[in-house]
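A quick write-up on the structure given underneath.
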Amino acid sequence: MYTFKKDERLGNYRLQSLLFNQGKAFFQYPFRIQYLFLTKEELHQYFLCQQSDAASAVFQFPAKCLVSVSKRQIKKAVHRNKAKRLCREAYRKNKNTFYTFLKKKNYLAVLAFIYTADRILSYDDVEEAVQKAINKLGEKLREEQTRAVNR
RNA sequence: AAGGCAGGCUGUUCUGUCGCGUUCCGUUCACACGGAAUGAGGAAAGUCCGGGCAACACAGAGCAACAUACUUCCUAACGGGAAGCCGGCUGUUUUCAGCUGAGAGAAAGUGCCGCAGAAAACAACCGCCUAAGUGCAGUUUCGGCUGCACCGGCAAGGGUGAAAACGUGGGGUAAGAGCCCACGGCUUUUGCGGGUGACCGCAAAAGGGGGUAAACCUUAUGUGUUGAAAGGCCAAAUAUACCGGGGGCAGAGGGUUGCUCGCCCGAUCCCGGAGGGUAGGCCGUUCGAGGCGUCGCGCGAGCGACGUCCCAGAUAAAUGACAGAAGGCAUCCGUUCCGGAUGCAACAGAACCCGGCUUACAGGCCUGCCUUUUUU
RNA sequence: GGCUCCGUAGCUUAACUGAAUAGAGCAUCUGACUACGGAUCAGAAGGUUCCAGGUUUGAAUCCUGGCGGAGUCA
């Protein structure tokens with residue numbers, strides 16, 4: 001239920017470049033959120049050149065997420081780790097509504113949470129920001145879908 | 001008791017809920033699920049040294065480059081450490097204690113030493129002297145004498161400077177000088193004694209022309225080069241298709257080595273343009289110069305014997321979040337012990353592994369020394 | 001994970017083969033010129049030479065250790 005397994009994380013190089021080249025982004029302090037919504041058909045298009053069964057194996061969950069903290073903003077490794085842990089914890093607790101929404105719409109999502117503050121915020125602030133971000137993501141998905149239907 | 005300095009050790013603990021990495025067990029075709037165990041540091045950091053390990057078909061020689069530099073020892077090794085020697089500084093009850101030192105060679109050679117100062121290194125500007133020699137003038141008892149100049153001699157004195165050619169005293173001299181002597185100090189050599197040795201003590205002889213080697217350098221010793229992005233295996237995917245220029249079996253080019261030689265491979269090789277594919281997994285990888293305890297040896301760094309334990313292995317990168325309790329520190333309140341409230345909790349996160357060094361660090365504990373105060 | 005390089009006025013830099021006041025340009029300030037401003041002219045101020053030690057008589061320079069910032073290697 002409240003899990004954050006390896007398969008929910010984004011580690012694949014191709015998906016990452018896809019996300020940062022073709023995805024869209026918005027701000028929700030302290031995050032810059034890069035996102036990309038895909039249908040299963042679209043996903044298969046990108047992976048068609050090689051094993052297509054591997055593509056569906058990548059998505060055990062309806063979303064893959066990565067957290068990034070810039071070395072430019074936060075110098076010390078300890079503090080970067082701390083920030084990433086807080087983000088993951090908040091995402092873990094608040095992702096479920098987003099997951100069910102994605103499943104209902106039959107979409108897949110690729111996300112990146114980029115931490116842009118220059119200091120560590122408290123857990124409560126981080127959690128609030130993540131909740132707002134997830135709500136915004138839901139709205140974005142709805143817009144995306146209506147646009148696709150119109151087309 | 002308080003404060004300071006030096007050295008060493010330590011670096012909050014427990015419970016509950018949710019969650020993460022790895023390993024094992026069970027269920028399952030598989031995904032996955034359940035359970036159990038385990039999960040950051042003294043610096044994991046800086047990457048400053050030294051190794052292990054791996055590759056270069058590691059034959060080899062020379063040069064270059066780099067590093068180290070009192071002695072003995074420890075160590076796998078080190079530029080690390082221990083104990084000493086010598087020098088410097090400080091203190092003092094000067095036979096002592098503490099701190100500190102990149103501490104070989106300047107008598108192998110080259111270079112440099114601004115300003116100031118006469119002079120900064122084979123001294124001679126001012127100065128002192130006129131004994132030997134020459135010239136001129138004066139004087140003369142015709143032997144000389146006096147004065148000036150030249151040629152000379154000397155290094156005592158000269159406001160400088162970081163540094164001035166052994167110091168003080170005496171003799172000596174035309175004037176002077178280690179030129180000679182006494183005392184003192186330094187360097188080198190030899191002998192004797194002590195010490196494993198650096199070195200120390202005593203005696204004798206010889207000698208007096210500075211500093212700088214973190215300037216070049218000399219001597220001795222050491223270093224082959226490259227680093228886990230090493231290296232090995234598996235899977236997947238392909239195209240040198242095309243254009244321009246240049247070189248090549250009389251040897252192009254390559255073999256991860258600074259250069260030369262040598263050795264080995266050797267016929268498509270280099271540059272530019274324009275393109276295609278991949279960027280996954282496994283091993284290496286965590287049992288090791290390992291940790292802990294006891295005993296013995298050694299002044300010590302350390303070493304040996306026995307017993308016991310297995311203790312992170314991620315890869316866009318695992319240790320977190322919340323709540324409660326206890327302990328610590330600081331402040332405030334009441335104040336007899338003490339109780340209550342609030343706040344804070346350092347430096348910092350393994351990435352092949354070890355041994356050091358360096359740097360960062362709240363609070364606490366221990367040892368030694370010093371200072372002040374109180375009591376006996 | 002490894003390797004290389006660089007830190008000088010507010011900015012861009014010089015002096016890096018040790019030598020005593022660290023030199024310039026732009027910017028700043030003051031004055032002159034102008035009715036006013038700009039431009040121009042004259043002058044002034046501004047430096048922990050990234051930091052801490054050491055060598056030397058003397059260090060921006062040489063050596064050692066830190067701090068900060070770039071670049072590079074599949």
Side-chain angles (χ1 to χ4, degrees), chain A residues 1-138 140-141:
Chain A
M1 212 46 185
Y2 295 106
T3 57
F4 192 55
K5 295 282 186 186
K6 227 171 177 177
D7 286 328
E8 296 176 70
R9 303 178 191 194
L10 175 55
N12 188 285
Y13 183 86
R14 290 178 75 96
L15 270 178
Q16 279 174 41
S17 52
L18 199 67
L19 170 63
F20 285 101
N21 287 332
Q22 302 195 10
K24 296 171 183 171
F26 64 91
F27 271 95
Q28 173 62 54
Y29 181 81
F31 296 108
R32 177 175 189 271
I33 291 150
Q34 189 93 20
Y35 66 97
L36 183 66
F37 296 113
L38 294 168
T39 59
K40 284 191 175 145
E41 292 73 32
E42 284 172 328
L43 181 73
H44 280 288
Q45 267 181 7
Y46 287 116
F47 279 82
L48 204 61
C49 45
Q50 50 248 23
Q51 17 15 352
S52 55
D53 55 336
S56 58
V58 162
F59 275 90
Q60 297 293 331
F61 292 87
K64 287 176 87 69
C65 172
L66 73 83
V67 174
S68 174
V69 181
S70 170
K71 197 172 185 178
R72 189 173 292 276
Q73 297 293 338
I74 298 180
K75 298 283 184 189
K76 303 280 186 184
V78 184
H79 300 155
R80 278 201 302 279
N81 279 349
K82 179 83 173 172
K84 287 161 94 170
R85 283 166 181 163
L86 289 173
C87 295
R88 281 202 297 264
E89 178 71 11
Y91 179 75
R92 180 177 77 79
K93 285 192 173 171
N94 295 287
K95 68 180 181 178
N96 278 345
T97 54
F98 185 57
Y99 273 25
T100 52
F101 191 67
L102 276 173
K103 277 178 185 164
K104 204 166 69 185
K105 302 283 183 185
N106 204 16
Y107 263 82
L108 301 173
V110 183
L111 307 174
F113 285 79
I114 298 162
Y115 193 88
T116 56
D118 57 354
R119 60 192 170 79
I120 295 178
L121 303 174
S122 71
Y123 175 73
D124 294 337
D125 294 341
V126 172
E127 185 165 24
E128 192 185 341
V130 168
Q131 281 170 354
K132 283 183 181 171
I134 283 174
N135 291 338
K136 275 193 186 178
L137 277 171
K140 299 278 180 188
L141 176 58

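In this text the structure is predicted, and so the values were computed from the model without any measurement.
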Polar atom pairs (N or O), protein with nucleotides 38-42 of chain B, under 3.5 Å:
none

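- If you measure from atom NZ of Lys95(A) to atom C1' of rC18(B), you get 12 Å, rounded to the nearest angstrom.
- Distance check on atom P: rG355(B) versus rU55(C) gives 35 Å, rounded to whole Å.
- Straight-line distance from the NZ atom of Lys84(A) to the P atom of rC20(B): 18 Å, rounded to whole Å.
- For rG84(B), the base adopts the anti conformation, since its glycosidic angle falls more than 90 degrees from zero.
- Under the Watson-Crick or G-U wobble criterion, with both distances below 3.5 Å, rG159(B) is left unpaired in every strand shown.
- For His79(A) and rA360(B), the NE2 to C1' distance is 13 Å, given to the nearest whole Å.
- Take Tyr29(A) and apply the side chain to side chain contact (heavy atoms under 4.5 Å, CB included) test, not counting sequence neighbours, and it matches Ala117(A), Leu121(A).
- Looking only at side-chain heavy atoms (C-beta outward), Lys140(A) and Lys24(A) stay at 4.5 Å or farther from each other.
- Nucleotide rG23(C) forms a pair with rU13(C), judged by Watson-Crick or G-U wobble geometry with both contacts under 3.5 Å.
- Applying the side chain to side chain donor-acceptor pair (under 3.5 Å) test to Asp125(A) and every residue at least two apart in sequence or in another chain returns Ser122(A).
- Proximity note for Arg88(A) (side chain, C-beta onward) versus rA318(B), rA321(B), rA316(B): the nearest is rA318(B).
- Between the C1' atom of rG349(B) and the CD1 atom of Ile120(A) lies a distance of 12 Å, rounded to the nearest Å.
- For rU286(B), there is no paired nucleotide, since no Watson-Crick or G-U wobble pair has both relevant distances below 3.5 Å.
- Separating the P atom of rA108(B) from that of rU189(B) is a span of 12 Å, rounded to the nearest Å.
- Taking atom P on both nucleotides, rC25(B) is separated from rG313(B) by 16 Å, rounded to a whole Å.
- Map Ser68(A) and Lys93(A) each onto its nearest nucleotide of RNA chain B; the residue landing nearer the 5' end is Ser68(A).
- Note: CG (Asn94(A)) to C1' (rC18(B)) measures 13 Å, nearest angstrom.
- For rA213(B), the base adopts the anti conformation, since its glycosidic angle falls more than 90 degrees from zero.
- Nucleotide rG266(B) is shown with an anti base, its glycosidic torsion being more than 90° from 0.
- Legend: residues meeting ring-ring contact (aromatic ring centres under 6.0 Å, His included) with Phe37(A), ordered by chain and number and at least two apart, are Tyr35(A).
- Following rounding to the nearest Å, Lys82(A) (NZ) and rA321(B) (C1') show an atom-to-atom distance of 8 Å.
- Between rG273(B) and rA241(B), the two C1' atoms lie 15 Å apart (nearest whole Å).
- If you check rU61(C) for Watson-Crick or wobble pairing at under 3.5 angstrom, you find it has no partner at all.
- In this structure Lys105(A) satisfies the side chain to side chain donor-acceptor pair (under 3.5 Å) test together with Gln145(A), sequence neighbours excluded.
- For Arg92(A), the listed nucleotide lying nearest its side chain is rG19(B); candidates were rU319(B), rA321(B), rG19(B).
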Polar atom pairs (N or O), protein with nucleotides 66-69 of chain C, under 3.5 Å:
residue, atom, partner, partner atom, Å
rG69(C), OP1, Lys75(A), NZ, 3.1

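- Looking at Tyr91(A) and Val67(A), their side chains never come closer than 4.5 Å, going by heavy atoms from C-beta outward.
- Rounded to an integer number of Å, the gap from Glu8(A) CD to rA316(B) C1' is 16 Å.
- Under the side chain to side chain contact (heavy atoms under 4.5 Å, CB included) criterion, Lys103(A) pairs with Pro62(A), sequence neighbours left out.
- Within the shown strands, nothing qualifies as a pairing partner of rU95(B) under the Watson-Crick or G-U definition with both distances less than 3.5 Å.
- Base pairing of rG320(B): its partner is rC18(B), meeting the Watson-Crick or G-U wobble criterion (both donor-acceptor distances under 3.5 Å).
- Base orientation of rG111(B): anti, the glycosidic angle falling outside 90° of 0.
- Annotation for Gln28(A) and Ala133(A): closest pair CG-N, 4.1 Å, computed over non-hydrogen atoms.
- Atom P of rC78(B) sits at a distance of 42 Å from the matching atom of rU49(C), rounded to the whole Å.
- If you take CG of Leu86(A) and P of rA321(B), they are 6 Å apart, rounded to a whole angstrom.
- Remark on RNA chain B: of its neighbouring residues Phe4(A) and Asp124(A), the 5'-side contact belongs to Phe4(A), judged by nearest-heavy-atom nucleotide.
- With sequence neighbours excluded, the residues satisfying side chain to side chain contact (heavy atoms under 4.5 Å, CB included) with Glu89(A) are Arg92(A), Lys93(A), Tyr123(A).
- Here, rU173(B) and rG153(B) have their C1' atoms 12 Å apart, quoted to the whole Å.
- With both pairing distances under 3.5 Å, rG147(B) is matched to rC136(B) as a Watson-Crick or G-U wobble pair.
- Minimum heavy-atom separation, Ala109(A) to Leu102(A): CB-CD1, 3.8 Å.
- Searching all strands for a Watson-Crick or G-U wobble partner of rU218(B) with both distances below 3.5 Å returns rA104(B).
- For the P atoms, the distance linking rA40(B) with rA351(B) amounts to 15 Å, nearest Å.
- Glycosidic conformation of rU56(C) is syn; the angle stays within 90° of 0.
- Arg80(A) comes within 4.0 angstrom of no nucleic acid atom, judged by non-hydrogen atoms across all strands.
- Taking atom P on both nucleotides, rG284(B) is separated from rG11(B) by 33 Å, rounded to a whole Å.
- Residues Phe113(A) and Ile33(A) have side chains in contact (heavy-atom distance under 4.5 Å, counting atoms from C-beta outward).
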Taking only distance into account, with no hydrogens and no angle test, what donor-acceptor pairs under 3.5 Å do side-chain atoms of residues 79-86 of chain A form with protein atoms, sequence neighbours excluded?
residue, atom, partner, partner atom, Å
Arg80(A), NH1, Ile74(A), O, 3.0
Arg80(A), NH1, Lys75(A), O, 2.9

